[in-house]
Structures are given as C-alpha cells and as structure tokens.
Amino acid sequence: MNARKWFLIVVLVLALPGLLFAKDNRPKKKKKKKDDIEAIGERDVDGKVNFYSLEKEIALGKSYADEVERTSKMVRDPIISEYVNRIGQNLVRNSDAKVPFQFKVVDNDAVNAFALPGGFIFVNTGLLVKAETESEVAGVLAHEIAHVAARHGTRQATRGQLANLGIIPLVILTGGWTGFGIQQAAAFAIPATFLQFSKSMEAEADYLGVQYLYKAGYDPIAFVDFFEKLQTMEKTKPGALAQVFRSHPLTDDRIARTQKEIDRILPAKPEYVVDRSEFLDVKERFLHLARLEREEKPVRRRGPILRRGGGTISTDPIEASDEPVEDSEEDERPKLKRK
C-alpha cells in the first residue's frame, strides 16, 4: 500500500468521529406551539383581542349557568353527576384552560353538550345514552372544553362589539354555523353571541379537543368515530339529533381534517383508554331511574272524583251512560246523566 492510500486512511479515521457526532446546524422547521402536545397547559390559545377579563367572563358564565339550571330539568343523582364531572375534570387538567370548570347533567333526550363562557359545561343525558364508550363522551366534552380554553364565547362577543363600531365587517360573525347558538340562547335567555361560533372557531375546537383527549389518555380516534356515527344517524334518521349537529355540519371535510391532524401531530401510544365498565353502569343507572320516574307518575283518571258518604274518596272513574238512572233510597250518591 503506497503512502497516498495510507494518508487517506489516516485522514478518514481522524475525521470519522466528527462526521458521526457533528451537530446538524441546518435551520430546522420550528414546531408550531399549538402542535406541541408537551406544551399543553403552558400555551396561550385564547386569542389576542378580548374585551372581557377572565374574572368578568366567569361571572358572566355563572349568571347564564344559573339561568340554565333554573329553566332545565337537571339530573341530581350524585353517582351520575360525579362520574361526568370526573371525566370532565380529567380533561381540564390536560387542557390549556385557565378557569375552573363545572359540569352539570341535563335530563334531555337530545344528543348534545354545550359550554358557557367561564367554564360551565352542560351535558344532556341523550349524549350519555347514545354514546357507546366513555371515550366518545370524553371526545365531545374535550371539544366543549376547547371552546372555553380558547375563550370563543367572549372573543365572539368582542367581535360583535367591534363590528357594531364598524371596525370589522359583520360577515366574520356569520360563518353559517349559528343556528344552534341562536336556538339555545333563546331557550335560556342567553345572548346568542356567547353560544354561536364561527367556522374557524369550530375547527379550532376540534383541533384542540383532539389534543386534550389524547393528553388525558383516551383514544383520539373516538373523537372521529362518534361524529361519524352522528353523521350517519342524521342521514338515516333526519331530525334525530340536536340542532347543534345540523347547524354545525359534520361534513366529510371536517371529519377528514381531524383524522389528518391526529396522524400528523399525535405520536402513537402503546395503549389508550377506550372504555370502562363504570360507563355502562352509569348509563344503566340513568335508564333505570328514568323508568322508575315514569312508573311513579300518577295515572290520570278520566271522570270526576266523588266523595263517598263517611268522608272516603272514590277514585273509580265514572262512565257516562245514556241509560236512565233510577233513584234509590239506599244509594244517595250523586247520579250523572248526559245533558
């Protein structure tokens, strides 16, 4: 081997460590903070322009929440309420929210949940009954928590005030997704601007909600699965769902976009929480309580209730008859006849 070859070998051996361990000084593409799952809880996702302080937002939300409870049939069962609250609080701990949350259950067959400003979330029993797994319920709650974390209610109200001042065009507020907010607001005397969200805000709630679901340990695919089920239900049984899912359309594009975001930003985990036996127990408990309530309702009887002699009350229905009623000394009860 000549001197030239030896020289090249020596140079290669000396340069090899540097080649193996050298730092890559090329500029790296900066990861968007909203894509960073590890930064959840330290991120600011609540927008830039908002006329409402957090304190004012909480007070505002509480006043409307009190109105909802006053005008709705609430589920007071401690086991059902505690279960829903526990799912919600676990998601809140794994979110960007900066306010305390309250979760309440409304006895309503509509498949729905909605959030008020300041951390007040209401879940319909229809959602609990229709969902097949705990992760599906958690996916809907994560979406509503995202609305609160991003302060969509008060941001939307701020846009409305700016639009009234002529600073931004009103068209920004009407993304075609406002029907549910208007109906819900009318039902509870809540200004529509706090419940109707633009298309971009709904997309942001989907995006953040999937992250919170994943961070809390749930299978994020449940988010997509449940909305696909609702989409199918709406096609096969129009009108079976709450207005929210008709005015906030579960489009193929929206579902596909969420699926792509799951694949893009969420690293795969060896295992996820999909369901717990407790979910079925809670669902069965509610259905059992609902059956008991129906059975305990007094049966409405036809006809007047007459007081018998001796102070007793007859609850037997009195059927009117065309036949003449004969007088009897032994029977002094009132006698009915048609006019």
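Nothing here was measured: the structure is a model prediction, and the numbers come from that model.
- Proximity of a side-chain donor or acceptor of Lys283 to a complementary backbone N or O of Ala131 within less than 3.5 Å is detected.
- Note on Val274: it does not cluster hydrophobically with Val137, by side-chain heavy-atom contacts below 4.5 Å among ILVMFWY residues.
- To the nearest 0.5 Å, atom CZ of residue Arg43 and atom CG of residue Leu208 are 6.0 Å apart.
- Expressed to the nearest 0.5 Å, how far OH of Tyr272 lies from OG of Ser135 amounts to 12.0 Å.
- In this structure, the side chain of Ser81 does not engage the main chain of Pro78 through any donor-acceptor pair within 3.5 Å.
- Note on Arg76 versus Glu69: salt bridge recorded, some NZ/NE/NH1/NH2 to OD/OE distance being below 4.0 Å.
- Seen from the ring of Tyr52, Arg151 does not count as a face-on cation partner, given the 6.0 Å and 45° thresholds.
- Contact check for Phe103 versus Gln89: side-chain heavy atoms found under the 4.5 Å cut-off.
- When every heavy atom of Phe120 is checked against every heavy atom of Ile58, the shortest pair comes out as CE1-O, 3.5 Å.
- Phe114 has its side chain within reach of Val68: a pair of non-hydrogen atoms, C-beta onward, lies under 4.5 Å apart.
- A salt bridge between Asp46 and Lys98 is absent, with no side-chain N of the basic residue lying under 4.0 Å from a carboxylate O of the acidic one.
- With Phe286 as the fixed residue, the side chain to side chain contact (heavy atoms under 4.5 Å, CB included) test singles out one of Asp107, Ile79, Asp77: Asp107.
- Looking at Met74 and Val106, their side chains come closer than 4.5 Å, going by heavy atoms from C-beta outward.
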Acceptor/donor pairs from residues 213-221 side chains to any protein atom, 3.5 angstrom cut, sequence neighbours excluded:
residue	atom	partner	partner atom	Å
Tyr214	OH	Pro267	O	2.6
Tyr218	OH	Glu134	OE2	2.7
Asp219	OD1	Ile221	N	3.1

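- To the nearest 0.5 Å, atom CG of residue Asn112 and atom NZ of residue Lys130 are 14.0 Å apart.
- In this structure, the side chains of Glu228 and Gln259 stay at 4.5 Å or more apart for every pair of heavy atoms.
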Practice item. Run the numbers on Arg264 and Glu261 for salt bridge (Lys or Arg N to Asp or Glu O under 4.0 Å), then give the verdict. Key: CA-CA 5 Å; Arg264 181 174 65 86; Glu261 288 167 350; 5.2 Å; no
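- The OG1 atom of Thr133 sits 5.0 Å away from the CG atom of Asp275 when rounded to the nearest 0.5 Å.
- Note that CD of Gln211 and CD1 of Ile265 are 4.0 Å apart. Values are rounded to the nearest 0.5 Å.
- Residues Glu204 and Lys34 are paired through a salt bridge, judged by an N-O separation under 4.0 Å between the basic side chain and the carboxylate.
- No side-chain heavy atom of Tyr83 sits under 4.5 Å from any side-chain heavy atom of Val105.
- A donor-acceptor contact shorter than 3.5 Å links the side chain of Glu144 to the backbone of Ala115.
- Minimum heavy-atom separation, Ile80 to Arg285: CG1-CD, 4.2 Å.
- The minimum heavy-atom distance linking Ala205 with His147 is given by the pair CB-CE1, 3.5 Å.
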Check your understanding: What's the verdict on side chain to side chain contact (heavy atoms under 4.5 Å, CB included) for Leu141 and Tyr212, showing C-alpha distance, side-chain angles and the deciding distance?
Key -> CA-CA 10 Å; Leu141 293 184; Tyr212 301 160; over 6 Å; no
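- For Lys260, the NZ atom is loosely surrounded, since the number of other residues' heavy atoms within 6.0 Å does not exceed 12.
- Closest approach of Arg155 to Ala150, counting heavy atoms only: NH1-O, 2.8 Å.
- Contact of the Glu202 side chain with the Lys199 side chain is not registered, since no non-hydrogen atoms from C-beta on lie closer than 4.5 Å.
- When side chains are defined from C-beta on, Leu91 counts as touching Ile87, because their heavy atoms get closer than 4.5 Å.
- We find that Lys62 and Asp66 are joined by a salt bridge, their nearest charged nitrogen and carboxylate oxygen being less than 4.0 Å apart.
- Taking the six-membered ring where tryptophan is involved, the planes of His143 and Phe223 are tilted, since the angle between them lies from 30° to 60°.
- Pairing each heavy atom of Ala113 with each of Val123, the nearest pair is CB-CA, 4.2 Å.
- With contacts defined as side-chain heavy-atom distances shorter than 4.5 Å, the pair Pro117/Val99 does not qualify.
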Practice item. Show your reasoning for whether side chain to side chain contact (heavy atoms under 4.5 Å, CB included) applies to Thr154 and Lys56. Key: CA-CA 10 Å; Thr154 50; Lys56 184 177 180 180; over 6 Å; no
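- Rounding to the nearest 0.5 Å places CD of Gln156 at 11.0 Å from CG of Asn50.
- The minimum heavy-atom distance between Gly88 and Ile145, with the atom names listed, is O-CD1, 3.8 Å.
- Put simply, Val84 and Val273 are part of the same group of oily side chains (I, L, V, M, F, W, Y) that touch within less than 4.5 Å, one to the next.
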